Amino acid sequence: MLASAAGLLGFYLLFSAVPVYVGDGFGAGMATGALMLGTMLLELLAPRLLERFGYRAVLAGGLVLLGAPALALPLSSGLSSELPLVLGVCLLRGGGLGVLVVAGTAMVAELVPAAGRARALGVYGVAVGVPSVLGLPLGLWAGERFGYELLFVVAGLVPLAGLPAVLGLPYLRGASREPGGTAVLGGGLVGPVIVFGAVTLATGVVVTFLPLAAAPGTAAVALLAQSVLTPAARWWVGRSGRRGLLGAAVVAVAAGTGMLAWSASAVAVVAGMTLFGIGFGLAQNLTLTAMFERGPSGRVSALWNLAYDAGMGAGALGVGVVIGWFGYAAAFLLVAVLVLATLPLARRAGAPRVTAPA
């Protein structure tokens, strides 16, 4: 928790600040694109890295990649001539994020007995959720208030400060293969992946387009409510042990997204994002718990995080075309229908898997 929280706080301090620092739409888009490219590439490689080097080394490497490259950003002036440096830093930091989120989540599954895994993942969800609530607004404020050069140095040192926590972890390696030789997408993993992918697709749409569809103040309040309620719901469902709520999570996400079609109403937007935040938090914990019951921790964590990032990217890119043709209201309603279509899968995927006695 300490290592992951330190790494993610450093990440979120610069997540929105770097695009603002670059200063133009093209450069900002390239910076975010390089960041997500690095994340997805290393998420794909993370299971192999865990098998070869173990969790401690991979977690430490993720923290170094998140921190050290940021210390080079003060060398950039933010002008277009310095864009290659910014993009290189973003690519490396994205790689650090990719291995950190995979290794951190998988390590929780390795350290905690199966009976307490949902609760542990709920607590861990708070540890990785709080940095986004604090880091996103703090990074933008600090960059304007104290200058981006100082922000870059601080954001580079914060992940490195998490390295001592890694030393307290036991030495473990990722499983080289799933027992019984079952493929990673076998054993009932497809259903949870599809459900979570649909939920994160909606997340990408909401986070990207709600600030454009609603009044700025309304969107800010609504997104704050969502960012607070998501880790809270993830923690609550893990602590309560209620495993049959994945269908309810899908309904909440679909209903919340659909309510955003009435973006002119502040009440509808805030209420919709409240439902969305609760459903998203429930879905995070329940899909991850279900997947850990069906596959090896390192590969399951990589697959879950890939579904997260790919769903968000697909939502932002694909639905952007729909918005251009039909507008925001139709796009939000379409996404709500897509999420709701996964309800039958969610009901099956959310049921605890029972293993026959030997």
Side-chain angles (χ1 to χ4, degrees), residues 1-11 38-70 92-131 156-184 187 189 234 238 284-285 288-306 308 355:
M1 285 168 51
L2 288 172
S4 295
L8 288 170
L9 181 58
F11 169 78
T39 300
M40 297 185 69
L41 288 176
L42 266 293
E43 283 172 346
L44 288 169
L45 292 175
R48 297 294 297 274
L49 296 174
L50 291 173
E51 293 167 12
R52 180 161 186 173
F53 300 107
Y55 284 89
R56 285 196 302 187
V58 173
L59 277 167
L63 291 172
V64 170
L65 282 175
L66 274 167
L92 291 173
R93 295 185 72 246
L97 176 68
V99 295
L100 182 74
V101 295
V102 171
T105 306
M107 191 71 171
V108 174
E110 292 285 349
L111 292 176
V112 179
R117 190 174 288 158
R119 184 171 183 174
L121 289 171
V123 176
Y124 181 76
V126 174
V128 298
V130 170
L157 294 177
V158 168
L160 299 178
L163 287 172
V166 177
L167 300 177
L169 293 171
Y171 181 78
L172 293 173
R173 289 182 182 270
S176 59
R177 63 178 181 272
E178 186 176 355
T182 306
V184 171
L189 286 176
R234 184 174 176 179
Q284 286 183 12
N285 188 297
L288 191 54
T289 301
M291 290 172 68
F292 277 134
E293 292 178 345
R294 294 160 166 85
S297 57
R299 297 182 186 180
V300 161
S301 180
L303 187 61
W304 187 85
N305 281 287
L306 280 168
Y308 196 130
T355 303

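Each residue takes its place number in the sequence, starting with 1. Heavy atoms only: backbone and side chains are in, while hydrogens, waters and symmetry mates are out. Since we're looking at a predicted model, the values are computed, not measured.
The number of heavy-atom neighbours closer than 6.0 Å to CG of Leu111, taken from other residues, nucleotides and ligands shown, is above 12.
For the pair Val126 and Arg234, the minimum side-chain heavy-atom distance is 4.5 Å or more.
Glu43 pairs by the side-chain hydrogen bond (donor to acceptor under 3.5 Å, both in side chains) definition with nothing, not counting sequence neighbours. For Pro131, the side chain to side chain contact (heavy atoms under 4.5 Å, CB included) test picks out Ala5, Leu8, Leu9, Tyr12, with sequence neighbours left out. Under the side chain to side chain contact (heavy atoms under 4.5 Å, CB included) criterion, Ala68 pairs with Val64, not counting sequence neighbours. Judged as a side-chain hydrogen bond (donor to acceptor under 3.5 Å, both in side chains), and not counting sequence neighbours, the contacts of Ser4 are Tyr124.
Scanning both residues, Leu121 and Thr289, for their nearest heavy atoms gives CD1-OG1, 3.7 Å. The two residues Leu92 and Pro69 make their nearest non-hydrogen contact at CB-CG, 3.8 Å. What you find for Pro159 and Gly7 is that their closest heavy atoms are CB-CA, 4.0 Å. Smallest separation of non-hydrogen atoms from Ala106 and Phe292: CA-CZ, 4.2 Å.
Between atom CG of residue Asn305 and atom CG of residue Leu44 there is a gap of 11.0 Å, rounded to the nearest 0.5 Å. Going from atom CZ of Phe53 over to atom CZ of Arg48 covers 10.5 Å, rounded to the nearest 0.5 Å.
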Please tabulate, for the side chains in residues 96-105, all donor-acceptor contacts under 3.5 angstrom to protein atoms that are two or more places apart in sequence or on a different chain.
{"from": "Thr105", "atom 1": "OG1", "to": "Val101", "atom 2": "O", "distance (Å)": "2.8"}

Sequence neighbours left out, cut at 3.5 Å: what donor-acceptor pairs do the side chains of residues 161-172 make with other protein atoms?
{"from": "Tyr171", "atom 1": "OH", "to": "Arg173", "atom 2": "NE", "distance (Å)": "3.1"}
{"from": "Tyr171", "atom 1": "OH", "to": "Arg173", "atom 2": "NH2", "distance (Å)": "2.7"}

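In this structure a side-chain-to-backbone donor-acceptor pair under 3.5 Å is present from Arg93 to Leu66.
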